[in-house]
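Written below as structure tokens is the structure these notes are about.
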Amino acid sequence: MNILVVGSGGREHAIAWRCAAEGHKVWTAPGNPGIAAVAECVPLESQTPERYLEVANLINADLTIVGPEAPLVAGIVDLFESHGRKVFGPRREAAQLEGSKAFSKEFMARHGIPTARFQIFDSLAEARAALVRFELPVVLKADGLAAGKGVVIAKTRAEAEAALEGLFSGDLVGAAGSRVIIEDFWRGEEVSFIAICDQDRARALPPSQDHKAIFENDEGPNTGGMGAYSDDRILSGEQKEWILNNVILRTLEGMAAEGMPFRGFLYAGLMMTADGPKVLEYNVRLGDPETQALLYRMEGGFAETILAATEGRLDSARLRIGAGASACVVLAAAGYPGKVRSGDVIEGLDEVEGATVFHAGTRREGDRIVTAGGRVLGVTGRGESLRAALDAVYGAVRPIRFEGMQYRRDIGQKGLKRYTD
Ligand code: GLY
């Protein structure tokens, strides 16, 4: 197939890499210097659904896979479908599951999908008055898309009030915070559960675990994700079955019943509480950096499965996923997740062995690759066990260097504590 991958980060590099490994001709818009090694990159002056459609027409794409959420929420799938172009992802209405936290919470409440107790507010005064009805810590969420920066876990009333002010004033995440959800905080471990969905059928990918905080031991502010690993043992067979039936399939049934059938990657961000799994949030796309770890375990059938789901015949596809475990460690720029410095020269990429480096925030300057974003690289490896995968990844990180490079040394440690290998 001629496949167009929309996006330019580590997730899109992994998607392009996997599709190319399966023998397809891959194009990426806009792509990045790492992706250019496996796909043709199409530079874009604007990243609108219309521009992506022009690219798909130009290359006569048989299938388009959309990486990030913004084009989905902007209606790229509706536009492609109206022009007869095959594209994998939800239509604009269904993408609200990620585009509006208020929509997704009310949807879960309507359909009995387990999630934390919540209330939705359109004014600072009402939200502030309601804080007394929630115990501390309390979770405050911006309704709209906020690139991972729209959730605050406040440990004190003062922190909660300051966060509400920051959200409603627009200081924290702009217009995305003009509506706010306050919800109960649940303790537990987070798990990313992602399924390839075809309106009423779902093919679950192996479970994975992200590491959102910038520092080790989950300390410091949240990021887009500092690393992830995938290991089937993150969930028991019984837990997987329960989540598939009570979260993923129930969501598909609910969306279909409300006239918004869902096709695409459905990502349930779960908190595994003492009271069972609760949905923290939905995403309507693959996770980043979960994708890098997940696709590294695949041994075939990824692109064919996506095409089958796009054509409404998911049952006919065979996705081959290898045993063992995989992991991705993100190397981030100085200052991330705050204001980052760009333009630092990245050295040592040619010396990496035993793993693959997916590019996220990089740029080519002559014959050098330099930093050009917060999350710069995702070093990704695989092994027979989680320990072997982590050894491969951290060994591969060693030769890579750039000024101010920061990364977590404890990716996968929660998994290692559970099963020692
Ligand atoms: N890694 C979290 C996300 O993709 O939203």
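Only heavy atoms go into these numbers, but all of them, side chains included; no hydrogens, no water, no symmetry mates. One-based numbering, in listed order, for ligands and for the atoms of each. Because the structure is a prediction, the values reported are computed rather than measured.
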Q: Classify the ring geometry between Phe302 and Phe265 as parallel (under 30°), tilted (30 to 60°) or perpendicular (over 60°).
A: parallel
**Q.** Any residue meeting side-chain hydrogen bond (donor to acceptor under 3.5 Å, both in side chains) with Lys25, in chain and number order, not counting sequence neighbours
**A.** Glu40
Q) Do the ring planes of Phe107 and His111 sit parallel (below 30°), tilted (30 to 60°) or perpendicular (above 60°)? A) tilted
**Q.** Expected output: side-chain Asp143 to main-chain Lys101 donor-acceptor under 3.5 Å
**A.** yes
Q. Under 3.5 Å, is there a donor-acceptor pair linking the side chains of Thr380 and Gln292?
A. no
Q: Please check if any side-chain donor atom of Tyr282 sits under 3.5 Å from a side-chain acceptor atom of Glu98, or the reverse.
A: no
Can you give me a line-by-line list of nitrogen or oxygen pairs between ligand 1 and the protein shorter than 3.5 Å?
{"residue": "ligand 1", "atom": "1 (N)", "partner": "Asp210", "partner atom": "OD2", "Å": "2.7"}
{"residue": "ligand 1", "atom": "1 (N)", "partner": "Gly224", "partner atom": "O", "Å": "3.4"}
{"residue": "ligand 1", "atom": "1 (N)", "partner": "Asp288", "partner atom": "O", "Å": "2.9"}
{"residue": "ligand 1", "atom": "1 (N)", "partner": "Glu290", "partner atom": "OE1", "Å": "2.9"}
{"residue": "ligand 1", "atom": "1 (N)", "partner": "Glu290", "partner atom": "OE2", "Å": "3.4"}
{"residue": "ligand 1", "atom": "4 (O)", "partner": "Arg285", "partner atom": "NH1", "Å": "2.9"}
{"residue": "ligand 1", "atom": "4 (O)", "partner": "Asp288", "partner atom": "N", "Å": "2.9"}
{"residue": "ligand 1", "atom": "5 (O)", "partner": "Asn283", "partner atom": "ND2", "Å": "3.3"}
{"residue": "ligand 1", "atom": "5 (O)", "partner": "Arg285", "partner atom": "NH1", "Å": "3.4"}
{"residue": "ligand 1", "atom": "5 (O)", "partner": "Arg285", "partner atom": "NH2", "Å": "2.9"}

